[in-house]
Structures are given as structure tokens and as C-alpha cells.
Amino acid sequence: MSARVRAARVRAALLTLVAFFVVAGTASGCAGGDERPRVVVTTNILGDITREIVGDEADVSVLMKPNADPHSFGLSAVQAAELENADLVVYNGLGLEENVLRHVEAARESGVATFAAGEAADPLTFHAGEEGGPDAGAGEPDPHFWTDPDRVRETVGLITDQVVEHVDGVREKAVRDNAEHYDGQLADLTTWMEKSFADIPEDRRALVTNHHVFGYLAERFGFRVIGAVIPSGTTLASPSSSDLRSLTRAMEKAEVRTVFADSSQPTRLAEVLRQEMGGEVDVVSLYSESLTEKGKGAGTYLEMMRANTSAMAEGLTGD
Ligand SMILES: [Zn+2]
């Protein structure tokens with residue numbers, strides 16, 4: 001073999017090698033770097049709602065674990081990085097995810113599309129507890145909008161628009177079909193909740209909860225909020241003994257015998273209240289702001305709302 005031929009063969013081999021790496025590089029650019037389109041959601045309730053909308057069109061990752069407290073959960077470094085690589089971030093806002101909002105802010109500053117579902121849901125503000133109950137940070141916006149399923153229906157429409165606009169590669173028709181199907185299920189939920197609450201007499205339509213979490217439900221379905229064991233819109237506050245005294249007075253005046261505690265919160269405070277009231281109070285557990293694992297009572301938003309509605313109707317009509 002002449003030197004010229006050998007040089008030509010080496011050149012050809014090198015070119016093949018270069019071509020191989022270019023192709024391989026391109027392939028990994030598609031399959032590895034960007035992968036499938038990805039939506040990252042902060043809370044598990046919004047995560048379930050977003051999954052219903054997105055279906056198989058994109059990956060949806062949820063940062064908050066089952067049974068966690070949305071007011072206090074934090075992110076790992078990996079999760080924080082995930083936020084910055086998302087095509088769309090859906091979060092609650094209105095101060096709910098206190099330890100996560102700065103990461104959402106950082107993602108937005110780096111160019112990621114972000115959507116604050118709570119801010120878009122025509123938020124209510126907290127108002128002082130009725131009938132002398134303790135104050136709840138009156139005037140502040142209330143982040144717990146999901147306790148009103150009508151607001152969730154509006155939010156589904158808005159999240160759908162965000163997904164179609166910001167998540168490249170999803171088929172618009174598939175996403176809109178998913179949203180329409182879910183909207184029908186939410187409409188059925190609202191009708192069923194109205195029917196379930198219909199038999200609760202007017203004088204028993206009074207809510208005492210562990211913190212102020214059911215303001216939207218109260219407004220939508222005609223309940224009075226008497227007060228909360230933690231007189232605040234967040235679980236991170238704690239009640240003083242004078243708060244507890246004023247709550248027990250308000251409860252006695254309204255003849256409230258049922259306190260709704262959150263299943264993810266310790267029931268210690270509700271127990272203190274029970275003792276304060278001479279043991280004449282039932283503590284009923286609800287899933288107010290976190291889903292559970294699948295099959296554990298509140299695996300989805302629809303399941304959570306149905307479980308709560310049944311427990312409230314029962315808790316407020318029993319003896
Ligand atoms: Zn809360």
C-alpha cells in the first residue's frame with residue numbers, strides 16, 4: 001500500500017468517525033438534553049389538576065410530597081434545578097408555598113414561563129372570624145382557592161391555555177380534550193357537593209378549622225367561618241392562650257360542637273381546644289391542603305373533595 005493510499009484511508013476513517021460523533025451528538029441532543037417537554041408543579045393538588053390537563057402530552061413533575069404541608073415544604077437542590085429547566089412552572093402563589101416562591105422567582109428570572117394559579121383565581125381576602133372569633137390576618141389574600149371547585153374549573157381553563165402556549169411539542173387538541181373531560185368531572189363534583197350540603201341546617205353551618213383554610217368553600221356553599229385554632233392563613237403561626245379563649249367563646253356563642261382538623265397536621269391543638277371546651281367537641285379530620293398517596297383517602301383532587309364533603313356533612317348533621 002502506498003503512502004498516499006494509506007493517508008487517504010486514514011482520512012476516510014477519520015471522516016467516518018467525525019460523522020459518527022456529529023450524528024451521535026445530535027441524537028443525544030434530542031433524547032438526552034431536552035428530553036420530553038416538562039411541566040413542573042409546586043403543590044400536589046395543583047399537580048393532580050395539571051396532570052389531568054396535560055395527560056400524556058408532556059412530563060409533569062410535582063415538587064410537594066403526599067401528606068406534606070404546602071406552607072412549609074422545601075426543595076432539594078435537584079428539585080430547584082428542575083424548576084429552572086421546566087418549559088412551564090405552575091404554582092399556587094399568594095404566599096402559600098413560602099419556602100419555594102424564591103425558587104419560582106429565580107426560574108422566572110432565568111426565562112422560564114411561570115403561572116400562579118391562585119393569583120389568577122380571583123382571590124378572596126381573609127376576614128376576621130365571625131361572632132367574635134380571632135382575627136385571621138384580615139385583608140391578606142387567601143391562597144386556599146381550591147376549596148371552591150368552581151374556581152378550580154376556571155383555573156383549569158387558564159392552565160390549559162398556559163400549557164398550549166408555553167410547552168412546545170404538545171398537541172393542542174389533545175390537551176383541550178383532556179381539559180374538557182376534566183371540566184365535566186368538576187361540574188359533577190360541584191353539583192354533588194351542593195346536594196350533600198343541602199341537608200345541613202342553617203344554624204349548624206358554622207366552621208372551625210385548624211387554620212383558615214375553608215374560606216372559599218364557606219363562601220361558595222353558604223357556611224360561616226367562626227374561627228380557627230391557629231388564627232392565621234398559614235400553619236406556621238401558633239395561637240396564644242387568649243386566641244384559644246376567644247375562639248372557645250365564639251364557639252360557645254355559635255353552639256359549634258365540631259372542629260375540623262387537617263389530616264397532615266398534628267391534632268394536638270384541636271385536643272387542647274377539646275379540653276378547653278370540657279370535652280364536648282368532636283374533632284373531625286379532613287384533607288384540606290395536601291393529597292395523600294394513591295388509595296389512602298385523597299389520592300386525587302376529586303377524591304379529596306368528596307371525602308371532605310362527606311366528612312363535613314356528617315360532622316355537621318350528627319348529634
Ligand atoms: Zn393552609
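On a predicted model such as this, the values are computed, not experimentally measured, just so you know. All ligand and atom numbering here is 1-based and tracks the order in the structure.
Taking the side-chain contact (heavy atoms from CB on, under 4.5 Å) definition, one finds that V164 meets it with E172, V175, R176, sequence neighbours left out.
Protein N/O/S atoms found under 2.8 Å from the Zn ion (ligand 1): H71 NE2, H144 NE2, H211 NE2, E289 OE1.
Looking at D87, its side chain never comes within 3.5 Å of a backbone N or O of V39 through a donor-acceptor pair.
Identified under the ring-ring contact (aromatic ring centres under 6.0 Å, His included) test for residues 43-90, with sequence neighbours left out: H71-H144, H71-H211.
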Can you give me every donor-acceptor pair (side chain of residues 180-187, partner residue at least two apart or in another chain, under 3.5 Å) with its distance?
from, atom 1, to, atom 2, distance (Å)
D183, OD1, R153, NE, 2.9
D183, OD2, R153, NH2, 3.0

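Of the residues V90, T114, L75, the one that meets the side chain to side chain contact (heavy atoms under 4.5 Å, CB included) test with V104 is T114.
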Item to complete: May I have the step-by-step check of salt bridge (charged side-chain N to carboxylate O under 4.0 Å, His left out) for R257 and E280, ending in yes or no?
Response: CA-CA 7 Å; R257 299 189 292 272; E280 290 169 3; over 6 Å; no
